[in-house]
**Q** 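Attaching a single structure in C-alpha cells format; questions to follow.
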2 protein chains.
Amino acid sequence: MAKGLAEQRRQEMIAALRAGGHRLTPQRLAVVEILAESANHPSVEQVFKRVQRDFPTTSLATIYKTMSLLKQMGQVLELGFAHWGSRYDGKKPYPHPHVICTRCGAIVDPESPGMQELAQQMAGKSGFRISHHRLDFFGLCPRCQGR
Amino acid sequence: MAKGLAEQRRQEMIAALRAGGHRLTPQRLAVVEILAESANHPSVEQVFKRVQRDFPTTSLATIYKTMSLLKQMGQVLELGFAHWGSRYDGKKPYPHPHVICTRCGAIVDPESPGMQELAQQMAGKSGFRISHHRLDFFGLCPRCQGR
DNA sequence: TATCATAGGATAATCGTTTTCCATAGCAGT
DNA sequence: ACTGCTATGGAAAACGATTATCCTATGATA
Ligand SMILES: [Mn+2]
Ligand SMILES: [Mn+2]
Ligand SMILES: [Zn+2]
Ligand SMILES: [Zn+2]
C-alpha cells in the first residue's frame, strides 16, 4: 500500500507537469519519483545525489529548478530553514505539522489534530486572510535521546 | 503601560548579560533597548539602522553578534526564514504563534490558545522530547488586502 | 524528421550571515 | 584613578545555500 500511495503521487505530479505544459524530461521524472517515494523529507542535496545515480551529468541547478517548479504547482511542500538547507515533502504537499530532531535532522509527520480550525481562529482575531501555515516542533528523536 | 513592559524587558536583558559575565557596551545597550521597545519583530537591518543613529561607526557584524548572544541566552526569539532575513522578538522571547503578511512582511502576535498542551501531545505521539516549537500563519494583513 | 521554444549543464552571482583579525575599551583589582 | 587582561567592536573577507546567466541540447508537435 505504501507503494500504491507513492505511485499515486507520482502520477499526480506528472499530470500536473503535463497540465502546466511542462516537458517530461528524464531529470524531472527522476526527481518526481524520488519525491513520491521519500517519506523522510529529503534535502536538495539528497535528491541530487540520487538523481545522479541514473543521470551522472545532472546539475544541482536542475534539481533546484525542478523543486521550484513543483512547489509553485503545489506538488511539493517546502520546509525552509534559516540556517540550514530546505527540506521537501512530496507525499503530503499541503501544510501539516512536523517534528524535527535538532541533532540528526530527522523530520517526521506526526498525527495532526485540527489545524484548519486553528488557522481560521487566527484569521478572525488578526484580521488577516490566512493562505497557509507552518507548525514545527523541535526536539530530540528517540534515537538521539540515547546520546 | 507599554513603556513599563518594555522597561522591564530591558532590565531583564541587561541582567542576563551581567549574569553571563558579558560586558555592557554602548552598542549592546542600544540593541537591547530597541528590542525591548519594538513590537514589530524587527530585522537585523532595521536594528542596525537605528543603532547607527546614536553610534554611527557601528558595524553590522556587531548587531549579528549581539543578536546571537541574546538569542543563546534566551532573551530574544529568532524567527528565521529561508529566503529572506530573520526577524526578532525581544518582547516575548519564548515560542508563540505569529501571523505574517506575505506581501509587506508585517509580523504580529495573535492571541494564542494552548500551544503548550499541543506540544506535549506531539511529544507523546512521536516519541520526541520536544524543546521548542514554531507556528506561523501566512496571509495578507488588513492593509495589504486592499490591493 | 524538421522546427522551435523549453529545459539542462556549467558557472558566476547573490545575499544574509559568519568568521577572521587586530585595535579598542569594559571592568576587575590595585 | 591607574593598570592590565581579555572580551568586544569594526572592517572586510569568507561562507553556503540558492538563484541567475548563458549557451547548447533536447522534448513536443506536426
Ligand atoms: Mn511532512
Ligand atoms: Mn512575537
Ligand atoms: Zn535525531
Ligand atoms: Zn501586509
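Each chain gets a letter, A, B and so on, in the order its sequence line appears, and its residues count up from 1. Being a predicted model, the structure only gives us computed values, none of them experimental.
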**Q** Map S59(A) and P26(B) onto DNA chain C by nearest heavy atom, then report which one ends up closer to the 5' terminus.
**A**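 First, find each residue's nearest nucleotide; the 5'-ward one identifies S59(A).
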**Q** Return the nearest nucleotide to the side chain of K65(B); candidates are dA10(C), dA28(D), dT20(C).
**A**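 Out of dA10(C), dA28(D), dT20(C), the nucleotide with an atom closest to K65(B)'s side chain is dT20(C).
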**Q** Expressed in angstrom and rounded to an integer, what is the separation of L79(B) atom CG from dG16(C) atom P?
**A**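 Computing the L79(B):CG to dG16(C):P distance gives 17 Å.
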**Q** What is the nucleic acid contact for S86(A), judged by heavy atoms within less than 4.0 Å: base, sugar-phosphate only, or nothing?
**A**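 Touches sugar-phosphate only.
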**Q** How close or far is atom C1' of dG10(D) from atom CD of Q52(B), stated in whole angstroms?
**A**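 Going from Q52(B) (CD) to dG10(D) (C1'), I get 12 Å.
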**Q** Measure the CD-NE2 distance between E78(B) and H83(A) for me, rounded to the nearest 0.5 Å.
**A**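 Interatomic distance, E78(B) CD to H83(A) NE2, rounded to 0.5 Å: 3.5 Å.
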**Q** Find the distance K49(B):NZ to dG16(C):P and express it as a whole number of Å.
**A**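 One finds 11 Å between P of dG16(C) and NZ of K49(B), rounded.
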**Q** Quick one: L17(B) CG to dG26(C) C1', roughly how many Å, whole number?
**A**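 After rounding, the reported distance stands at 13 Å.
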**Q** Could you please name the option among dA10(C), dA11(D), dT8(D) that lies closest to any side-chain atom of H22(B)?
**A**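 Among dA10(C), dA11(D), dT8(D), the one nearest the side chain of H22(B) is dT8(D).
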**Q** What pair of heavy atoms forms the shortest contact from L17(B) to L24(B), and how long is it?
**A**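 Looking at all heavy atoms of both residues, the shortest contact is CB-CD2, 3.8 Å.
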**Q** dA17(D) C1' sits how many Å from W84(B) CH2, rounded?
**A**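 Answer to the nearest Å: 18 Å.
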**Q** Which residue lies toward the 5' end of DNA chain D, H83(B) or T58(B), if each is placed at its nearest nucleotide?
**A**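 Result of the comparison: T58(B).
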**Q** Give the nucleotide from the list dC27(C), dT17(C), dT18(D) with an atom nearest to the side chain of V44(A).
**A**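 Among dC27(C), dT17(C), dT18(D), the one nearest the side chain of V44(A) is dT18(D).
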**Q** Could you grab the distance from atom OH of Y94(A) to atom NE2 of H133(A), nearest 0.5 Å is fine?
**A**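 So the OH of Y94(A) and the NE2 of H133(A) are separated by 11.0 Å.
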**Q** Using a 3.5 Å distance criterion without hydrogens, assess whether the side chain of R87(B) forms a donor-acceptor pair with backbone atoms of N40(B).
**A**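 Checking the backbone N and O of N40(B) against the side chain of R87(B), a donor-acceptor pair under 3.5 Å is found.
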**Q** Donor-acceptor pair, distance only, cut-off 3.5 Å: does the side chain of Q145(A) make one with the backbone of L140(A)?
**A**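 Yes; at least one donor-acceptor contact below 3.5 Å.
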**Q** Hey, does the side chain of T25(B) come within less than 4.0 Å of dG9(D)'s phosphate (OP1/OP2), counting only N and O?
**A**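 Indeed, a polar side-chain atom of T25(B) lies that close.
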**Q** When you measure from the side-chain N and O atoms of Y64(A) to the phosphate of dT18(D), is any distance below 4.0 Å, counting only OP1 and OP2?
**A**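 Yes, within the criterion.
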**Q** Provide, to the nearest angstrom, the distance between the CG atom belonging to L24(B) and the P atom belonging to dA7(D).
**A**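 After rounding, the gap between these two atoms is 15 Å.
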**Q** When the distance from CG of L60(B) to P of dA13(D) is rounded to whole Å, what number comes out?
**A**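 Those two atoms, CG and P, are 15 Å apart.
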**Q** Considering just the side-chain nitrogens and oxygens of R28(A), establish if one lies under 4.0 Å of OP1 or OP2 belonging to dA7(C).
**A**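 Indeed, a polar side-chain atom of R28(A) lies that close.
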**Q** On DNA chain C, nearest-nucleotide positions of L69(A) versus G85(B): which is more 5'?
**A**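 Its nearest nucleotide being more 5', the pick is L69(A).
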**Q** Side chain of R23(A), base of dA5(C): donor and acceptor closer than 3.5 Å?
**A**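 Check passes, donor-acceptor contact within cut-off.
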**Q** Round to the nearest Å and state the distance from R18(B) atom CZ to dA28(C) atom P.
**A**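 My rounded result for the distance is 9 Å.
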**Q** Counting only side-chain nitrogens and oxygens, does Q27(A) get under 4.0 Å of the OP1 or OP2 atom of dG9(C)?
**A**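 Affirmative; the distance criterion is met.
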